[in-house]
Amino acid sequence: MDDTSLKEDIGTEEFWVNMGPQHPSTHGVLRLELKLSGETVVDGIVHIGYLHRSMEKIAENRTYTQFIPFTDRLDYLASMNNNLAYVLAVEKLMGIEVSDRAKYIRVIMAELGRIASHLFGITTFVQDLGAFATPLFYGMREREKIVELFDDVCGQRLTYNYMRVGGVSRDLPNGADGKIKGIIKYLRPKFDDLEALFNSNPIFTARTRGVGVLTASKAVNYGVTGPNLRASGVKWDLRKDEPYLCYDKFTFDIPVGNNGDAWDRYKVRMDEMRQSLRIAEQAVLGLPEGDPTVKAGRIFRPEPGETYMRSENPRGELGFYIVSDGSPIPFRMKIRSPSFSNIAVLPDLIRGLKIADAVCVLGSLDVVMGEIDR
Amino acid sequence: MSNGEAFGLIKLKIPDTSLEEKTRAIVVPREGILEAARCLTGQGFDSLHNLTAVDNKDNVTLVYHFYSMKKRAGIVLKTQLLPDDLTVESVERFWRSADWLEREVYDLFGVKFLNHPNLKRILNPEEWTIHPLRKT
Amino acid sequence: MAVIERIPASGLIEKFPGGNLALTTSESVLKWSKASSLWPLTFGLACCAIEMIGTGASRFDIDRFGAGVFRASPRQCDVMIVAGTICVKMGDCMKRLYAQMPEPKYVIAMGNCAVSGGIFCRDTYSVVKGTEALGIPVDVLIPGCPPRPENLLFGIMKLQEKIRKEKRVKR
């Protein structure tokens, strides 16, 4: 029997497979509908909205200060960075300048938050590829150090509510700078350990290299930002290109990838953690004296107007578009979340891949449902 | 490229264009959105990173945030729709990011984007009939 | 003898003095084994899921309580830890997942959102106000936004206590 007749005999039909919203590798409540031909993905549809908590509606019913805790719950892996992005937007709207110490503390918190987020992102990604538990346990061990510090600083492990419009809610506790230095010293060799663990693994290398290639032009066209964009070779980082706080005072590099595949996205995140450590170290060494807290009241009445402020979150550009009508509550607030744009590119990336690689691509994009659905 | 320069270019094509004084945003009439989009892609604005709507009760304003990765410059474009006729041309053919962003605006505000490939609700259940962020 | 002495459920087993005999009811052994091997459903809805993973990871080690075997399929699970905000769109899936779990099944509502809607309770159009609002009975409610891992462990211990004290074995 020759090959052609065999094909005619055993015809396969294309079929739809539902993945999620309850699925261990969809990172929350994402739902994918995959059209498969055998094991090959022919088409994919992404369904979101299973965690749509109507944040934008809530924002129209809360004062500017009252909305800060809600930003924690957007991208719950990097709450500090969300706090920061939001208060920066309100400060831009109000035209407030913050003290130097507050700026430095914010930078330290944002960069440590970035490390915590990337640690989680990378290790869950590797877990999706089948390395059950071990990398996650290592990653969580390192992350706990940072979470513990945040716990000391603001009393919560996950949702910090630390930043305030005009400063931070309280100064660093006694001995915190020593602790931060200790964490930096502790973490530096751990990144090498983690990288050695992953890079030397032939399965991990084989499953990520050349998988889910995102070209630079496509990434820009889709509005992909953050490490995913940099992995495609576009050197674009808001900390350098539109410096906010005091990022222009620190020396750090922007890691970029060449191919835009899953491996590059992992690698860029890995290198970014080292750079974040560099920034945090410079910031903690140069931490100025002063009072970072806010003495003003909690109710602001910004002038009628609008502003768009974006900042570099671990997952990309988090922007807040706020329209004020002069009252203490925003007239309209749009949250431009990085994961929303990053996940939109998924159907394009997984077309033609095997279904197991689709999981790999999804993991490498490192999305958080909280900010996709808002 | 600043808003002013882009404004000059768009004004040549669409005479009704105006510049908002406070925010320096370019306001184009609804019919001119495709022409403006064509003009902006020609000028190298390769990223539409944000698209949203604001319900001002007497009109619904669409706000587009464009950015050019080459020129490292961004501009803001606005267009106003009347509440009884919430339709506008989709810019999905120029920027793929508009696909989901327009679906979101449709879901939350009920703005219908013409010639959009897949204009369905994105966040809320498909069977819903309300558009939750409308103020009227 | 030595083996029996090491069984932690000493209250359930009566040991005859001096002899090699131990007396118990099959029901107590069943309850004891049920309480010591609660398999949770891998079901992270929102922020609390991160703390749930944190509880499962190296530092807090949920395995010490026999509840570390997170299963992805509801058909293999004993307890559903509702970790996060329940939204309207997710509600139907939740009910189906709960229905798919085999008896005996238990539910832990972790965090304010799963208890009552939490901070998303007001001014919202798409959030379900708690697990019980969906018609899913809850055994243990753990407040907190999110609860610390210690709180979750305490909740699991409370559930184990509840199972051990059940009047009749659920079928």
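All of these numbers come straight from a predicted model, not from anything done at the bench. So that the names make sense, note that chain A is the first sequence line, chain B the second, and so on, each numbered from 1.
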Asks: Let me know if B:Ile130 has heavy atoms under 4.5 Å from chain C in its side chain, its backbone, both or neither.
Replies: neither
Asks: Please indicate whether B:Lys78 has more than 12 foreign heavy atoms, meaning atoms of other residues, nucleotides or ligands, lying under 6.0 Å from its NZ.
Replies: yes
Asks: So, for B:Trp128 and C:Tyr125, which heavy atoms are closest and what is the spacing to 0.1 Å?
Replies: CH2-O, 3.4 Å
Asks: Atom NZ in C:Lys89, atom CD in B:Glu126: separation rounded to 0.5 Å?
Replies: 7.5 Å
Asks: Would you indicate whether C:Arg96, at its atom CZ, is surrounded by more than 12 heavy atoms from other residues, nucleotides or ligands within a distance under 6.0 Å?
Replies: no
